[in-house]
2 protein chains.
Amino acid sequence: MSEGERAAELIELVEDNDLTGIRLWLAEHRPYEIADELSRMAGGDAIIPFRLLDKDRELEVFEELDPSQQQAILLGLRDSAFHEILEEMDPDDRARLIGEAPAKIATRALAGLSPAERKMTASLLGYPEDSVGRYMTPETVILHRDLLVGRALEVVRARGADAETIYTLPVVSDGRRLVGTVTLGDLVISDDDRLLKDIVDVFAPRVRASEPAEDAARLMQEANLVSLAVVDSEDRFLGLLTFDDALEVIEAADSEDMARQSGASPVGDHYVSVSVLRLVGARSVWLMLLIVAATLTVNVMQAFETTLEEVTALAMFVPMLIGTGGNVGAQSATAIVRALAVGEVRVRDLPRVIWKEARVGLLLGIMLAGLALAIGSLLVGFAVAAVVACSVIAVCTWAAIIGSAMPLFARKVGVDPAVVSSPMVATLVDATGLIIYFSIARLVLGI
Amino acid sequence: MSEGERAAELIELVEDNDLTGIRLWLAEHRPYEIADELSRMAGGDAIIPFRLLDKDRELEVFEELDPSQQQAILLGLRDSAFHEILEEMDPDDRARLIGEAPAKIATRALAGLSPAERKMTASLLGYPEDSVGRYMTPETVILHRDLLVGRALEVVRARGADAETIYTLPVVSDGRRLVGTVTLGDLVISDDDRLLKDIVDVFAPRVRASEPAEDAARLMQEANLVSLAVVDSEDRFLGLLTFDDALEVIEAADSEDMARQSGASPVGDHYVSVSVLRLVGARSVWLMLLIVAATLTVNVMQAFETTLEEVTALAMFVPMLIGTGGNVGAQSATAIVRALAVGEVRVRDLPRVIWKEARVGLLLGIMLAGLALAIGSLLVGFAVAAVVACSVIAVCTWAAIIGSAMPLFARKVGVDPAVVSSPMVATLVDATGLIIYFSIARLVLGI
């Protein structure tokens with residue numbers, strides 16, 4: 001069955017209120033597929049198929065949803081179903097849901113939890129938003145370093161069913177201090193009578209619960225880890241960050257970077273389920289700042305009004321010139337923002353990066369100037385074309401420098417480099433580029 | 001030790017040719033950290049610390065490097081070391097290295113392999129580039145469905161050391177036909193005397209080796225899989241796609257999307273190690289096409305030359321107007337490209353998406369028009385300001401429609417939506433936006 005057909009079906013079945021059809025559809029699909037379809041519906045509609053799910057699949061589907069969709073579903077459930085789902089959720093997923101929910105839902109949710117689960121949730125909620133602590137799972141099988149491999153495997157077999165993950169097993173000494181980790185794979189293939197402390201990987205990376213979740217996720221990606229051990233400031237084991245949560249963190253961070261790069265705030269939720277007004281809200285702030293900043297371009301144009309009146313042909317090339325400058329600047333900014341995000345470039349590379357981008361901008365400028373000269377000569381004659389060509393070289397070099405320097409400076413002063421958006425670079429290059437253009441025009445044309 | 005200090009050290013030690021210092025540094029760092037530092041050096045420099053690595057860590061570091069850096073290292077190795085590394089590499093990593101290497105290295109590499117490894121590599125190289133087949137590992141432990149759990153665990157313990165991964169275990173019937181998969185976790189926590197066929201997950205997703213690797217990786221992300229079973233057209237088990245390779249595929253795809261969104265071709269390698277000329281090459285093609293396309297803006301400006309001469313104040317607002325249109329279009333395009341990449345939007349959503357973005361563009365236009373009216377009235381008087389304000393509304397709506405429709409059309413005709421870059425949308429909006437602007441000016445000002 002193709003993706004398109006599958007999607008059409010569930011929405012239509014819900015619209016037709018065809019309960020038998022919905023049940024059949026649900027039985028034929030996997031939890032993540034169901035969650036995907038529910039994410040594309042308004043909260044009120046999604047509750048209908050959700051209520052028809054088998055009890056044992058409800059939780060699986062629920063955990064795959066975005067927090068906002070989870071809230072919408074919870075609001076449509078009776079108290080018993082509401083509390084049952086929250087009680088059985090993974091503690092980290094539950095903490096994030098409650099952390100983002102309005103106070104009304106959050107209070108109702110916490111009140112219904114068993115004391116043990118409430119305590120776990122409260123402790124996770126104690127960590128800052130977007131920190132490792134909010135994403136780690138405390139439900140693991142902890143092994144003492146003095147165990148034999150055979151005995152450790154017995155412990156895992158006995159207690160593994162209650163843990164969220166057993167692929168990576170924390171090995172601790174007295175006082176729950178983390179010695180290192182052992183993978184389930186290593187445990188399985190090692191001889192039963194070896195000592196755990198002889199096979200534990202003491203160099204396995206570990207992170208503090210208070211660290212940013214994105215940094216930890218990128219570390220897992222770099223080191224190819226299925227799970228990463230999380231400790232407190234005294235190196236006591238707290239939980240594991242698992243690869244599925246790490247993937248979620250990275251995907252969210254990349255989506256945020258992309259949105260910011262286009263001058264918008266990240267929206268977070270599924271595109272289809274976000275309202276027009278929320279999209280307007282996410283995009284308007286930067287646009288308004290940028291249009292105010294663009295007043296500068298009006299000022300520059302006014303300052304050179306006499307130049308423009310003397311050679312009206314100069315005005316014809318303004319869109320082409322500033323467009324090209326903006327494009328070159330956006331390319332540099334995007335490349336550097338990405339390189340910073342994945343760790344390929346660091347702040348101390350600043351001089352080297354700017355020098356490299358300046359040369360790239362200069363070479364691009366020379367190539368583009370050739371084209372501009374040809375186009376300009378054909379349309380308005382050589383003199384103005386020459387002014388345009390010289391300006392293209394200068395503006396491209398300048399744009400590449402601005403585009404690469406700004407994200408690095410942002411990181412240096414502790415701001416997310418991705419807020420240095422392509423539109424911001426373009427607006428800055430527009431105003432300064434016009435000054436360069438008209439100055440060259442005056443010089444060359446002797447106005 | 002901070003990131004900055006660590007980095008400074010190895011490069012400096014290599015520059016000073018301080019072999020003792022390099023050895024010490026290597027001993028203190030993890031393979032992925034070493035690989036990260038080597039990636040930041042020129043190929044010729046990286047060989048010095050690489051040669052000083054312990055034999056048993058060479059391979060681990062090598063496998064973490066980009067293919068281009070791997071090639072540079074291989075060229076600096078003696079025949080024995082060269083063949084030893086290639087023989088011991090994971091088959092999928094080796095196939096990708098050989099697939100991308102110049103013929104000279106590829107031939108030398110294949111010639112030195114043992115017959116078994118050569119056969120495995122050749123079969124992986126038979127799949128198209130960027131397909132699942134190039135990334136899957138054939139080195140797994142295959143279990144027959146009729147085994148008991150206890151016996152299956154014995155098989156894993158006996159053969160697991162030679163496999164690349166044992167977290168997900170393929171379960172097959174006769175003729176190697178895939179029944180489903182069982183996780184090592186489930187195997188460990190199940191009773192010894194249960195039948196494997198009773199615990200196998202027959203609904204576990206599977207993909208064909210010929211499918212695009214990115215689609216498979218996104219599926220793993222959506223379904224939270226550590227490994228994904230790969231089959232041939234007759235459903236025979238071929239290998240597993242593991243999460244670390246999936247992460248690599250997704251990170252590369254996201255980097256490519258980001259580069260394309262800024263109108264550049266993806267470069268692939270580590271930013272620091274890419275030459276100025278390669279960056280120029282990756283960025284120049286679109287810039288040149290776009291500057292030629294920008295000729296349209298010159299034509300439009302010329303067509304309305306008389307209008308411009310009558311009201312020179314109109315020219316002052318050209319950069320602000322087209323800048324704003326470009327910004328709005330870029331936001332829409334970025335949002336839709338991302339939503340398509342992560343599967344939140346599908347081609348058949350086209351009418352709904354355009355309708356949504358049109359309303360977003362209209363509302364943004366109204367907000368921005370208010371600002372433009374205020375700025376314009378202050379600087380050049382109400383009449384021209386009113387023209388600018390009306391144009392802002394029209395151009396923003398138009399830009400949002402163009403920005404959202406183009407990526408969807410691209411996907412519809414089978415082109416990567418990410419090639420609909422922000423600069424491309426901006427250039428298109430520039431020319432059409434100017435026509436809108438001058439037409440409104442003529443109408444309102446009665447020129």
Side-chain angles (χ1 to χ4, degrees), chain A residues 4 32 157 160-161 166-167 184-185 188-189 221-224 243-244 247 254-255 258 262-264 270-271 276 279-280 283-284 287 291 294-295 297-298 301-302 315-316 318-320 322-324 327 330-331 334 338-339 344-345 348 356 359-360 363-364 367-368 371 375 379 422-423 427 430, chain B residues 4 32 157 160-161 166-167 184-185 188-189 221-224 243-244 247 254-255 258 262-264 270-271 276 279-280 283-284 287 291 294-295 297-298 301-302 315-316 318-320 322-324 327 330-331 334 338-339 344-345 348 356 359-360 363-364 367-368 371 375 379 422-423 427 430:
Chain A
Y32 69 90
R157 297 192 75 166
I166 54 172
Y167 290 120
L184 181 61
V188 163
I189 61 174
Q221 186 168 22
E222 228 183 324
N224 288 341
F243 83 100
D244 50 331
L247 267 174
D254 283 353
S255 288
M258 279 206 174
S262 75
H270 218 283
Y271 176 82
V276 169
L279 285 178
V280 170
R283 296 184 192 170
S284 57
L287 288 175
I291 204 170
T295 309
T297 61
V298 186
M301 296 286 281
Q302 279 185 320
M316 313 293 151
V318 164
M320 179 192 267
I322 65 178
T324 301
N327 292 347
Q331 286 184 339
T334 304
R338 182 64 182 167
E344 288 180 2
V345 159
R348 54 177 203 80
K356 189 178 215 170
R359 284 176 294 162
V360 171
L363 286 176
L364 288 172
M367 294 168 72
L368 296 170
L371 284 172
I375 296 168
L379 296 177
S422 302
T427 306
D430 282 358
Chain B
Y32 69 90
R157 296 192 75 166
I166 54 172
Y167 291 120
L184 181 62
V188 164
I189 62 175
Q221 186 168 21
E222 228 182 325
N224 287 341
F243 84 99
D244 50 330
L247 266 174
D254 284 352
S255 289
M258 279 207 175
S262 75
H270 218 281
Y271 176 83
V276 168
L279 285 178
V280 170
R283 297 183 191 172
S284 58
L287 288 176
I291 203 170
T295 309
T297 61
V298 185
M301 296 285 282
Q302 278 185 321
M316 312 293 151
V318 164
M320 180 192 266
I322 64 178
T324 301
N327 291 348
Q331 286 183 339
T334 305
R338 182 64 183 168
E344 288 180 0
V345 159
R348 55 177 202 79
K356 188 178 214 167
R359 285 175 295 161
V360 171
L363 287 176
L364 288 172
M367 294 168 72
L368 296 171
L371 283 172
I375 296 168
L379 294 178
S422 302
T427 304
D430 281 358

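Each chain gets a letter, A, B and so on, in the order the sequences are listed, and its residues count up from 1.
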Side chain to side chain, Leu364(A) and Arg283(B), heavy atoms closer than 4.5 Å: yes

Looking only at Leu363(B), Asn224(B), Leu379(B), most heavy-atom pairs under 4.5 Å shared with chain A are made by Asn224(B)

Flag the one option from Val318(A), Ile322(A), Asp254(A) with the top tally of heavy-atom pairs under 4.5 Å to chain B. Asp254(A)

Minimal heavy-atom distance between Ser255(B) and Arg338(A), with the atoms involved, is OG-NE, 2.7 Å

In terms of heavy-atom pairs under 4.5 Å with chain B, which of Val280(A), Leu279(A), Thr297(A) leads? Val280(A)

Among all residues two or more places apart in sequence or in another chain, which pass the side chain to side chain contact (heavy atoms under 4.5 Å, CB included) test with Ser262(B)? Gln331(A), Thr334(A), Ala264(B)

Considering only heavy atoms and a distance below 4.5 Å, find which of Val345(A), Thr427(A), Asp430(A) pairs most often with chain B. Val345(A)

Gap between atom OG1 of Thr324(A) and atom CG of Leu287(B) - 0.5 Å precision: 7.5 Å

Which one wins on heavy-atom pair count under 4.5 Å against chain B: Ala330(A), Gly185(A), Ala339(A)? Gly185(A)

Just give me the residue among Ala161(B), Ser284(B), Gly160(B), Pro319(B) that pairs up with chain A most often, heavy atom to heavy atom, under 4.5 Å. Pro319(B)

When the 4.5 angstrom heavy-atom criterion is applied to Ile375(A) and chain B, the contacting part is side chain

Return the orientation label for the Tyr167(B) and Tyr167(A) ring planes: parallel under 30°, perpendicular over 60°, tilted otherwise. perpendicular

Chain B: which of Lys356(A), Met367(A), Arg359(A) shares the most heavy-atom pairs with it under 4.5 Å? Lys356(A)

Whatever's closer than 4.5 Å to a heavy atom in chain A on Ile166(B) counts as side chain

Most contact-rich option vs chain A, by heavy-atom pairs under 4.5 angstrom, among Gly263(B), Ser422(B), Ala223(B), is Ala223(B)

Contacting moiety of Phe243(B), where chain A heavy atoms sit under 4.5 Å: side chain

Leu371(B) CG to Ile291(A) CD1 distance, which is reported to the nearest 0.5 Å: 6.5 Å

